[in-house]
Protein chains: 2
Amino acid sequence: MDNTTRQQLVATTSRLLEAQGYHGTGLSQIIRESGAPRGSLYYYFPDGKEELAAAAIAEQGARMRDFTAQLLNEVADPVAAVDRVLVGLIEHFSASQYCGGAPLAAVALETAAHNPRLRTACTAAYNDMIDVFTAKLRAGGYPPTRAMRLATVIVAGIEGAVILSRTQQSTAPLALLREEVSILLRCDNTSPQAGNTVAHR
Amino acid sequence: MDNTTRQQLVATTSRLLEAQGYHGTGLSQIIRESGAPRGSLYYYFPDGKEELAAAAIAEQGARMRDFTAQLLNEVADPVAAVDRVLVGLIEHFSASQYCGGAPLAAVALETAAHNPRLRTACTAAYNDMIDVFTAKLRAGGYPPTRAMRLATVIVAGIEGAVILSRTQQSTAPLALLREEVSILLRCDNTSPQAGNTVAHR
DNA sequence: GTCTATATGACGATAGAC
DNA sequence: GTCTATCGTCATATAGAC
């Protein structure tokens, strides 16, 4: 069986979902840009657009996870390793002409409330990302709870900074995130929690 | 002139854009749920859907800005004030049944690459939000550059944490963000910047 | 200002030949 | 597996009466 056509469909869908979201991407555009035969779509994906999108989400999730894991493993120190990921993300974002970096964010927001299948697929992808960061931070000496907390916040920061960077068409928000994440990762969490002190600078 | 109809159109559009994004929201649904007369839409918004969406984005931007500014002003200490905003956001998110909190994120992602008008409207809204946080942090003693950097990262963290929270249908990511933001705001930024040290815990 | 009716096209999905 | 043709529905937008 020739699954080149299938792969082309998924790859094109992944790319279009990232830039336009779920409802903004039509099947006709997917057919056209993938070069895949129109009749093949419902052969490989009997459930149509939704099933195709779910496959694309899974692929993008794996891509994000592998991209992150690879860069994290290039550096031993966890703070430097996370920084390496953010540098890689900024490079990728620039190379994509201010379109890339958060391949699932639009789909997740559009469909979370109304489409359980796609919402679940996005959840799995994001959890994989968070797990990769968590493992690196734990291996680097952070306590488990804090490692998970930091990993979640790092992923959230990335998604949000990509939103701002895409909107501003600039890498600036991502660059600012990079600096503050470095500060946060070097920061101790044992300081007193509440209070109205005005000590900083 | 009766602008009640106009306000209803904008309010309904704001709500639907938040939950479904731009392409996922049809004019017929806006008409139906707003109860506005169908003929009025192109009277108030000659440019149709795009102009209506731009008005909705501006309204949501003002709403976010005012919500944030009000909560920030309830507390003097900037760290506690930011925490107050995050608590308010978590409450709002819960009350909205895991749908609210990032009213522009979906539209911004969908349209940043292809629709300059809506992209610009989103940029203005986000900048307003960042400015509100920046002003509070500067008034609280943070140096201007760092205040702006923190404000941007806080807004990014909020947007990203809402994505994760909506996807997981849980307030957990927002709660984790809240904790780490408190830590970050209490953290000094004068420590050495680079290096492969493994000092944390 | 608001109405109805409709133009025009894109959408997702399907049928049946090959 | 892939093709073409087409169904039915929805979309945005417009025209013209009131």
Side-chain angles (χ1 to χ4, degrees), chain A residues 1-57 106-107 109-111 113-119 121, chain B residues 1-57 106-107 109-111 113-119 121:
Chain A
M1 39 193 120
D2 180 18
N3 46 15
T4 297
T5 297
R6 194 195 133 99
Q7 289 172 356
Q8 268 301 312
L9 281 168
V10 174
T12 303
T13 303
S14 297
R15 178 171 51 83
L16 293 176
L17 288 185
E18 179 167 14
Q20 305 172 351
Y22 182 69
H23 294 107
T25 302
L27 289 187
S28 38
Q29 187 182 12
I30 294 174
I31 297 297
R32 188 183 341 117
E33 300 198 12
S34 69
R38 184 175 194 97
S40 305
L41 198 152
Y42 286 94
Y43 172 78
Y44 290 112
F45 305 96
D47 281 0
K49 186 183 187 182
E50 184 176 321
E51 186 178 357
L52 175 56
I57 290 168
V107 181
L109 285 164
E110 281 176 292
T111 66
H114 303 98
N115 192 320
R117 183 179 191 169
L118 300 186
R119 186 186 68 75
Chain B
M1 38 191 122
D2 178 18
N3 46 14
T4 297
T5 296
R6 196 194 132 98
Q7 290 172 355
Q8 268 301 312
L9 281 168
V10 175
T12 302
T13 304
S14 297
R15 179 171 51 83
L16 293 176
L17 288 185
E18 179 167 13
Q20 305 171 348
Y22 182 69
H23 294 106
T25 302
L27 289 187
S28 38
Q29 188 183 13
I30 294 173
I31 297 298
R32 189 182 344 117
E33 300 197 11
S34 69
R38 185 176 196 94
S40 304
L41 200 153
Y42 286 92
Y43 172 79
Y44 289 112
F45 304 97
D47 281 359
K49 187 184 185 180
E50 185 175 321
E51 185 177 359
L52 175 56
I57 290 168
V107 181
L109 285 164
E110 280 177 292
T111 66
H114 305 97
N115 192 320
R117 182 179 193 169
L118 299 186
R119 187 186 69 75

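Heavy atoms only: backbone and side chains are in, while hydrogens, waters and symmetry mates are out. Predicted, not measured: the structure shown is a model, and the values here were computed from it. First the proteins, then the strands, lettered A, B, ... as listed; each starts at 1.
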Next item on the list: Between protein and nucleotides 11-18 of chain D, map the contacts as a letter string: B base, S sugar-phosphate only, - none, heavy atoms under 4.0 Å, written 5' to 3'.
Entry: SBBB----
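- With A:Ser34 contributing its side chain and A:Ile31 its backbone, the two residues share a donor-acceptor pair below 3.5 Å.
- Regarding contacts with the backbone of D:dT2, a side-chain N or O of A:Ser40 is found under 4.0 angstrom from either OP1 or OP2.
- The side chain to side chain donor-acceptor pair (under 3.5 Å) search around A:Ser14 returns A:Glu59, not counting sequence neighbours.
- Using a 4.5 Å heavy-atom cutoff, the side chains of B:Glu51 and B:Pro46 are in contact.
- Each salt bridge (Lys or Arg N to Asp or Glu O under 4.0 Å) pair with one or both residues in residues 15-44 of chain B, not counting sequence neighbours, appears once here: B:Arg15-B:Glu33.
- The CD1-C1' distance, from A:Ile30 to C:dA13, rounds to 14 Å in whole Å.
- The backbone N or O of B:Glu50 lies less than 3.5 Å from no partner atom in the side chain of B:Asp47, so there is not a single donor-acceptor pair.
- Applying the 4.0 Å criterion to OP1 and OP2 of D:dT2, one finds that A:Thr5 has a side-chain N or O inside that range.
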